[in-house]
Amino acid sequence: MKQAPFLPPPPPQAQDEETRKGVRRKEFHFPGTNIFKGFRQQIAALERPPSFRDDLEPVLAVIGAFVLSAFFTLFVSLGQVSVFSPIFSGENRWIGSVFLAPPVEEIMKALSVVAVALVLPRSLPNRRYAAAIGAAAGLGYALSEDITYFGNPDAHGPSIILRLITNPIGHPVFTALCAIGVFVFMAKLRSGVKVSKAISGLPLFMLLLAVLNHASWNAWQFGVVSSLGYLGVFLSILVIVVPFLFILRDFLGGNFNFRHFLESIPEPPPLMPVNEPPPLPPPQYLSASGQVQGGKLKSYYQNRSAKQERASEAT
Amino acid sequence: MNAVLNRKLKTRRREANWNDCLPTSRSLPPPPPEEDPGTPPPPKSFSPSEFHLPETNLFKSIRAQLAALERPPFFKSELEPILGVLIGLVLGAFLGLVVALGVNKAISAGLGENRWLLPVFIAPLFEEMIKAICMLALAFALPRVFPNRRYGVLMGGVTGLGFGIFATIVGLMAGEFQGFNAFARLVATPITQPLFSAFMGIGIFVFVNRRSTDSSGSSIILGLPAFFALIAIISHALANTIDFVAPGGIGAFIAAVTVCPFFVFLLRDFLGGRLNFFHFLEPVHEPLELPPPSDVPPP
């Protein structure tokens, strides 16, 4: 019987050697980006080193996010079927899909990440953990949505397979973006900021970004896939998911760094512009009448202060 | 002026001399005791703040065998166990659900009056085998995620959870579970299915680690892996039988309350006599069995 390719752990000496050389050099990366400098520095300021009680804690967070969002699908789909289907049916179906479903679904997924962060407060130490947990929530949601879709009478072979391929790519990306916002929100809450203030700013921006991504994905499914067919589905990955992946990559520090995904990348500190100090204005002296004067009055004051110094030294 | 300066210098010198006279132990910390670099660090003791029921050691020899196969966890990155968990969840949900439920439905149509055979014998065997295949696929994708029995339990539990959660969701969507039945399923499924698969996970851990050593042929499957698969199937069959006898969710609830605690107790013993939730993934050191002292007097 052929042996499985199990790798033995390297000897400790080799590990030391690896860490000294820097493992990252071996990894393949596209060039690092730094498009959202300001946002990244804001996020980096809220990060803290991971301090888990146990190795199980991040794993539990991932499981929790996955399971919760999978269950939330149930409520969302039930709500959509019972409330909005009668309104947005037939030709108006795209309105519900493009404008209504994305915010509702993203908020539900964000809520599952918030619930996990509340139960396991140490599980979101930095944006990378948040992205991983968010991706897990998105994956759970996508799977649950797929399974409920299979029960649909419209579902047929090729569409099921396409959905199985594309859905687990799209949803994790949307939710990873949103989860970075949740991380910022939770970090702000921890520092004693009010809920209304904590939501505003970056968390809201990240949620909007996720909703935009989701809405554009759904719009593509309606607009292009109907004319291009299955090719359109694959194109949607290239056209919609890849640019947002690029944005996510930038938010994560300019690199995905898959081998060390959960290690946060330190942001470069903002450097002050190196300018020469402005020249000092010429000294001005006030006369007894309050007028600004130079010349003789200036030399008089200078002489007087020099005399005073000499007198104090003598005493 | 000079006199004042001289006086200041003298006082400083006196202070410096006094500092020199202080015992060295106060100024310098004592040197650390020299340790032998060859000796391994002592095993971590359990945190006294954690609450534990009394330890058990019912299956000594099995635990010793399991401990012999364990190795220290070595992951390429911190993401590896998380990826393992995600793959387990997804595979359990998809392969398990689609294949197992599809085949279950197909078989149930042909059973006729012997419908009880499906939940009591066929479904447990079939579902556990499917879950085992999912875990094997996970082991081949990420071979490092089974370093010890506790990781095996985690991966098994996660595969079972994926399966159970999605089976419940499908049942709820299809309207199979309603009222108390739906509530009972929501409570019982996340407990029962992961528990059954956890035993299978230990079996897969043994299988994977035996395969990586010199063992070959049937000896890899026989023994401990088969034993753990059997426990998984028996526990599943017991729970299903109770559910079949008392339908409407009552059976599922009773099974979660009666059958599960017993099997949790068994699992706890296999894991080292403690569940140790705060340090769940740290391997437990099994006490070494010392040979009995020989009666032969020393020469």
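Being a predicted model, the structure only gives us computed values, none of them experimental. Chain letters run A, B, ... following the sequence lines, proteins first, then strands; residues in each count from 1.
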- Winner by heavy-atom pair count (cut-off under 4.5 Å) against chain A, out of B:Leu172, B:Leu86, B:Val170: B:Leu86

- Query: So which part of B:Tyr151 gets closer than 4.5 Å to some heavy atom of chain A, the side chain, the backbone, both or neither?
  - Reply: side chain

- Contact origin within B:Leu83 toward chain A - heavy atom pairs under 4.5 Å: neither

- Heavy-atom distance under 4.5 Å to chain B: side chain of A:Leu139, backbone, both or neither? side chain

- Under 3.5 Å donor-acceptor, B:Arg149 side chain and B:Glu70 backbone: no

- Let me know which of A:Ile180, A:Val182, A:Leu68, A:Leu118 forms a side chain to side chain contact (heavy atoms under 4.5 Å, CB included) with A:Val113. A:Val182

- Query: Among A:Tyr141, A:Phe244, A:Phe66, whose ring pair (Phe, Tyr, Trp, His ring centres under 6.0 Å) with A:His171 holds?
  - Reply: A:Tyr141

- Message: Testing B:Leu271, B:Asp269, B:Val264 one by one against B:Leu267 for a side chain to side chain contact (heavy atoms under 4.5 Å, CB included), which residue passes?
- Response: B:Leu271

- Most heavy-atom pairs under 4.5 Å with chain B, out of A:Ser144, A:Ala70, A:Pro168, belong to A:Ser144

- Does A:Ala179 offer a backbone N or O that forms a donor-acceptor pair with the side chain of A:Arg127 under 3.5 Å? no

- Note on the structure: Here the pair of heavy atoms bringing B:Arg150 nearest to B:Glu282 is CD-O, 3.3 Å

- What option among A:Leu143, A:Val59, A:Leu164 has the most heavy-atom pairs under 4.5 Å with chain B? A:Leu143

- Message: Below 4.5 Å, heavy-atom pairs only: which of B:Thr168, B:Leu89, B:Ile82 has the largest tally toward chain A?
- Response: B:Leu89

